[in-house]
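One structure is given here, and the rest of the page talks about it.
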2 protein chains.
Amino acid sequence: MADCATCIVRNRAICASLNPAELAALGRMGRKQKVRAGQTLLWEGDGAPVVANVLEGVLKLVVSTADGREQIVGVVFPSDFIGRPFGKESPYSVTAMTDAEVCIFNRNNFDEFAGSHPDLQQKLLRRTLDELDRARHWMMLLGRKSASEKVASFLLEMSERLEGQGCGVGLNRGAFELPFGRQQIADILGLTIETTSRQLTKMRADGVLDLPSRREIVIHDRAAMEDMAG
Amino acid sequence: MADCATCIVRNRAICASLNPAELAALGRMGRKQKVRAGQTLLWEGDGAPVVANVLEGVLKLVVSTADGREQIVGVVFPSDFIGRPFGKESPYSVTAMTDAEVCIFNRNNFDEFAGSHPDLQQKLLRRTLDELDRARHWMMLLGRKSASEKVASFLLEMSERLEGQGCGVGLNRGAFELPFGRQQIADILGLTIETTSRQLTKMRADGVLDLPSRREIVIHDRAAMEDMAG
DNA sequence: CGCACTTTTGACGAAGTTCAACGTTAGTGG
DNA sequence: CCACTAACGTTGAACTTCGTCAAAAGTGCG
């Protein structure tokens with residue numbers, strides 16, 4: 001059982017639509033679970049009947065081919081929702097990219113609860129619509145953009161989503177730390193790790209950004225970056 | 001005003017969740033509209049506050065770059081839902097690929113109506129979740145598959161969606177007519193028209209399929225096609 | 001029949017992948 | 001605290017796939 005009253009994402013997650021009594025009822029159905037970086041919470045094609053809210057950390061949604069190629073089809077942050085309500089099997093794997101903590105529900109229980117709480121369902125609908133827009137926008141990137149455009153677009157989106165996470169303390173505008181390595185960037189962009197690395201190196205050479213450490217990015221020339229994003 | 005009682009997609013569209021009185025109320029808000037092939041119903045970035053059900057025909061959802069590259073991010077068939085409820089502006093253009101007919105609603109009216117009809121909202125949620133799964137599956141295709149895998153996957157998906165449309169009459173298993181030309185196939189797959197054409201020609205040469213006319217496809221060797229799809 | 005449009009085909013080049021080697025970083029245990 | 005190691009990242013060279021450009025062939029409609 002989860003303690004929703006003190007939940008850190010309480011106001012941003014779909015739970016925000018509930019009154020205290022409803023929240024208590026939902027809390028009784030859920031339980032907190034820690035997930036280590038690299039650990040997989042849901043397997044593609046698996047019938048695992050769970051959904052969850054992300055409390056802490058970053059997780060990826062991955063689709064794979066039979067021969068082992070991977071495409072990351074989504075990245076979820078705290079307060080985001082995971083899983084497939086009203087579904088049979090998970091259409092993708094969910095794996096933690098950092099140590100993470102999630103609030104897990106049995107899917108059938110959750111589906112039923114959602115069915116009798118229209119406000120929750122509407123929040124879920126809005127979220128799903130936003131995710132769909134993001135996915136479709138990403139389809140344009142995957143299908144039609146060049147390697148440099150992909151990397152530039154990616155960095156701009158990440159900068160928006162991540163800036164001010166390590167907030168206040170010393171991080172300037174345009175500076176952020178990615179929660180993942182080169183291979184995972186490549187898996188997001190539909191590129192190889194080598195191409196990704198080369199593009200980043202070139203951008204540094206061109207003075208558009210700086211790479212202080214493996215996972216840190218500092219965007220110097222945002223205008224140039226936006227031009228490159230196509 | 002639309003006459004829902006005689007609507008051809010009445011049982012398959014989201015309207016199926018409504019009782020006769022509700023249906024009448026929704027019908028009063030909607031109106032039927034014909035759209036010619038090639039005509040655009042909604043423009044990307046436009047604030048056009050409309051949503052719609054497809055009654056007849058096929059439409060595409062398109063995202064474009066500033067320099068004119070296009071990626072088709074969705075294809076909608078009769079009984080599918082179009083538009084972005086609870087949104088500000090349309091994240092993509094909607095253009096008819098064939099002559100079509102849609103049942104249009106003002107978005108604000110629709111949003112309000114949906115808010116007070118949880119069953120309708122749930123149907124919309126389920127549909128949106130399905131679309132999201134489809135979009136993510138498509139991201140894998142765009143990001144990680146080769147040209148031949150793309151074409152094979154595409155033909156298999158279209159065969160599932162289209163077979164038995166021209167139903168009963170003379171069309172065998174594996175035979176179907178695409179509602180679009182080579183350029184549009186290319187825009188769906190993130191390829192050029194030349195590459196698309198070459199892949200199809202090669203498949204015909206290999207005896208995997210036949211191309212009786214511009215838009216007809218006959219799959220001879222489905223197993224081989226599935227292998228090629230990766 | 002002729003015209004506009006779509007599709008196919010060919011030759012060539014560029015972008016990105018593959019394979020291989022090397023450099024760098026962070027974490028572990030002496 | 002340093003040395004060692006494994007994982008991660010970068011770089012180079014050869015190669016493949018796909019895109020580009022150009023032209024020919026096919027299709028459908030007035």
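Just so we're on the same page: letters track the sequence lines, and every chain starts at 1. Below, each value reflects all heavy atoms present in this structure, side chains not excepted, and no hydrogens, waters or symmetry copies.
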Open item on the list: I'd like to compare against my own output: the B/S/- annotation of nucleotides 17-28 of chain C with a strict under-4.0 Å heavy-atom distance to protein.
Closed with: BBB----BB---
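- Rounding to whole angstrom units, CZ of residue Phe180(B) and C1' of dT6(C) are separated by 16 Å.
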Open item on the list: Using side chain to side chain contact (heavy atoms under 4.5 Å, CB included), reason through Arg84(B) and Leu129(A) one step at a time and then give a plain yes or no.
Closed with: CA-CA 8 Å; Arg84(B) 180 60 167 88; Leu129(A) 286 162; 3.4 Å; yes
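- Using a cutoff of 4.0 Å between basic side-chain nitrogens and carboxylate oxygens, Arg136(B) and Glu131(A) are scored as salt-bridged.
- With axes fitted over five pairs at each extremity, the angle between the ends of the helix from dC1(C)-dG30(D) to dG30(C)-dC1(D) is 40° (10° resolution).
- Side-chain N/O atoms of Arg222(A) and Ser159(A) include a donor and acceptor closer than 3.5 Å.
- At whole-Å resolution of the value, CD1 in Ile217(B) and P in dT7(C) are 11 Å apart.
- In this structure, CD1 of Ile193(A) is placed 17 Å from P of dG16(C), rounded to the nearest angstrom.
- Within 6.0 Å of the NE2 atom in His220(A), the count of heavy atoms belonging to other residues, nucleotides or ligands exceeds 12.
- Ionic pairing of Lys34(B) and Glu101(B) is present here: one or more N-O contacts between side-chain nitrogen and carboxylate oxygen are shorter than 4.0 angstrom.
- First and last contacts of DNA chain D with chain A, using any nucleotide atom under 4.0 Å from a protein heavy atom and ordered 5' to 3', fall at dA7(D) to dA13(D).
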Solution key, residues 202-214 of chain A side-chain donor-acceptor pairs under 3.5 Å, sequence neighbours excluded:
{"from": "Lys202(A)", "atom 1": "NZ", "to": "Asp206(A)", "atom 2": "OD2", "distance (Å)": "2.9"}
{"from": "Ser213(A)", "atom 1": "OG", "to": "Glu216(A)", "atom 2": "OE2", "distance (Å)": "3.1"}

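- Side-chain contact of Arg182(B) with Gln184(B): a donor-acceptor pair under 3.5 Å is absent, judged by distance alone.
- A donor-acceptor pair is defined here as one N or O able to donate and one able to accept, closer than 3.5 Å; such a pair exists between the side chain of Glu149(B) and the backbone of Ser146(B).
- The list of salt bridge (charged side-chain N to carboxylate O under 4.0 Å, His left out) pairs with a residue in residues 41-66 of chain A, not counting sequence neighbours, is empty.
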Show me the donor-acceptor pairs within less than 3.5 Å that the side chains of residues 70-83 of chain B make with the rest of the protein, sequence neighbours left out.
{"from": "Gln71(B)", "atom 1": "NE2", "to": "Asp187(B)", "atom 2": "O", "distance (Å)": "3.0"}
{"from": "Gln71(B)", "atom 1": "NE2", "to": "Ile188(B)", "atom 2": "O", "distance (Å)": "3.1"}
{"from": "Asp80(B)", "atom 1": "OD2", "to": "Phe77(B)", "atom 2": "N", "distance (Å)": "2.9"}

